[in-house]
Number of protein chains: 2
Amino acid sequence: MRSSEKPEVLLHLEEMLSPVRQLLKAHSLRRTAIREQVLNVFLQRKEAVSQSDLEQALGHPDRITLYRTLRTFEEKGLVHRAIDGTDKLKFALCSSGCSHHKHQDQHAHGHCEHCGRTICMEGVWLPELQSVDGFQVKSTFLIVQGVCSDCGKRIATKK
Amino acid sequence: MRSSEKPEVLLHLEEMLSPVRQLLKAHSLRRTAIREQVLNVFLQRKEAVSQSDLEQALGHPDRITLYRTLRTFEEKGLVHRAIDGTDKLKFALCSSGCSHHKHQDQHAHGHCEHCGRTICMEGVWLPELQSVDGFQVKSTFLIVQGVCSDCGKRIATKK
DNA sequence: CTTATTTTGCAACCACGTTTCATTTTATCA
DNA sequence: TGATAAAATGAAACGTGGTTGCAAAATAAG
Ligand SMILES: [Mn+2]
Ligand SMILES: [Mn+2]
Ligand SMILES: [Zn+2]
Ligand SMILES: [Zn+2]
């Protein structure tokens, strides 16, 4: 049976790609087990995740493969680095506008000094600088340090 | 000869402490070879320096001692971390107001994507946030990415 | 100079980042 | 549906940094 002869119903089923497969296809990435698992974690958790977070979440897959998966995702514009001032490198899902070498996530990152989680903050204004005494500004990153809303509530309850 | 009997001229000479010794004394730190060497590098270079920068500048001293020297300086308020978005931890000399566990360096850090140097930028306004949808803000860090004035001139000349 | 305290230097570990290469898997197309 | 080219994986191996414990050396104080 050639695909052009398939009944319409089946064609529609084939087009019902899961969100992760849509993402992979949209960025022309092959579909592999670890890529789907990693993307699932990114979609479930809303915070930025580190490689060790993923290792734990996925039951310790091969660490080199995971490493390369993250670099590939970064390069293809699926995730961006979430700088939070700690020594731990974290990544967060990109907004839909990002693609190969064209990241456009201009937002602050909030780092909770209590639980260590890092979140993307869309609603914070970033200073728009052009140059600072001779320094040509290309982009700015803002890290907001403090206590996240979850931890704030938890602390308030305990008192 | 007891010190109380020394002629005034000698007493004055003794009080002529070098800048590094003044710094050490002001933060009640013992005077050791590596501490003086490290402080000299900080005073000469105006940019933020990493441990590997110091290792090279000082002819590869014991790396654990250097490591502890930097932590001690940070704890006592002589240097602060200069977050620049790279994976390399850098430190910069504190302004005179800092002391044991009371850092007060509120300024942006500029990172040159060309030469990799990181400098403290005193003249940049930091957003003053109190809370962002439930997140209690304690402090903010601003990283300015771009091309430093030196590299800017160098590039302009080559053209 | 003596002594209490601090600092050093070494051994030893661990966490990560990164490359290389043979093997396996994926997508494509006849 | 296979065969095939291209891409991804997993193992090994190496490098860099961060970190602790402990005995020896150095410092500051009296
Ligand atoms: Mn983000
Ligand atoms: Mn600074
Ligand atoms: Zn929290
Ligand atoms: Zn530069």
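This one's a predicted model, so the numbers in the text were calculated from it and none came from an experiment. Here is how names work: the chains are called A, B, and so on, in the same order as the sequence lines, proteins then strands, and each is numbered from 1.
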Review point. Can you list, by residue number, the residues of residues 110-119 of chain B that have a non-hydrogen atom closer than 4.0 angstrom to DNA chain D?
Key: none
Review point. Any chain of hydrophobic side-chain contacts (each under 4.5 Å) joining A:Leu23 to A:Leu66?
Key: yes
Practice item. Determine whether A:Leu70 and A:Leu39 fall in the same hydrophobic cluster, where Ile, Leu, Val, Met, Phe, Trp and Tyr are linked whenever their side-chain heavy atoms lie under 4.5 Å apart. Key: yes
Length of the [atom1]-[atom2] vector between [X] and [N], whole Å:
X	N	atom1	atom2	answer
B:Asp62	D:dT20	CG	C1'	14 Å
A:Ile34	C:dT25	CD1	C1'	14 Å
A:His60	D:dT9	NE2	P	19 Å
B:Leu66	C:dT7	CG	P	15 Å
A:Leu70	C:dC16	CG	P	13 Å
B:Phe73	C:dT6	CZ	C1'	14 Å
A:Leu54	C:dG17	CG	P	12 Å
A:Arg35	C:dT25	CZ	C1'	11 Å

Review point. Charged N to carboxylate O below 4.0 Å: is that the case for B:Arg63 and B:Glu55?
Key: no
Check your understanding: Would a 4.5 Å heavy-atom cut-off, applied to side chains only, mark B:Ile83 and A:Ile143 as touching?
Key -> yes
Identify each atom pair where a protein N or O and an N or O of nucleotides 25-28 of chain D are less than 3.5 Å apart, giving names and distance.
| residue | atom | partner | partner atom | Å |
| --- | --- | --- | --- | --- |
| D:dT27 | O2 | B:Arg30 | NH1 | 2.6 |
| D:dA28 | OP1 | B:Arg31 | N | 2.9 |

Point to revise | Centroid separation B:His109 to B:His107 less than 6.0 Å | key: yes
Review point. Just by distance, with hydrogens left out, do B:His111 and B:Gln145 show a side-chain donor and acceptor under 3.5 Å apart?
Key: yes
Check your understanding: Only one of A:Lys90, A:Lys88, A:Glu47 forms a side-chain hydrogen bond (donor to acceptor under 3.5 Å, both in side chains) with A:Thr118, so which one is it?
Key -> A:Lys90
Could you list, one pair per line, each protein nitrogen or oxygen that sits under 3.5 Å from a nitrogen or oxygen of nucleotides 17-19 of chain D, together with the distance?
| residue | atom | partner | partner atom | Å |
| --- | --- | --- | --- | --- |
| D:dG18 | N7 | B:Arg63 | NH1 | 3.0 |
| D:dG18 | O6 | B:Arg63 | NH2 | 2.7 |
| D:dT19 | OP2 | B:Tyr67 | OH | 2.3 |
| D:dT19 | OP2 | B:Arg71 | NH1 | 3.1 |
| D:dT19 | O5' | B:Tyr67 | OH | 2.8 |

Check your understanding: Rounded to the nearest 0.5 Å, how far apart are OG1 of A:Thr69 and CZ of A:Phe91?
Key -> 11.0 Å
Point to revise | Greater than 12 external heavy atoms within 6.0 Å of A:Asp62's CG | key: yes
Check your understanding: Think B:Arg68 has a side-chain N or O under 4.0 angstrom from the OP1 or OP2 of C:dT7?
Key -> no
Check your understanding: Can you check whether B:Asp53's main-chain N or O pairs, donor with acceptor, with B:Ser50's side chain at less than 3.5 Å?
Key -> yes
Check your understanding: Is the backbone of B:Arg30 close enough, under 3.5 Å, to the side chain of B:Arg35 for a donor and an acceptor to pair up by distance?
Key -> yes
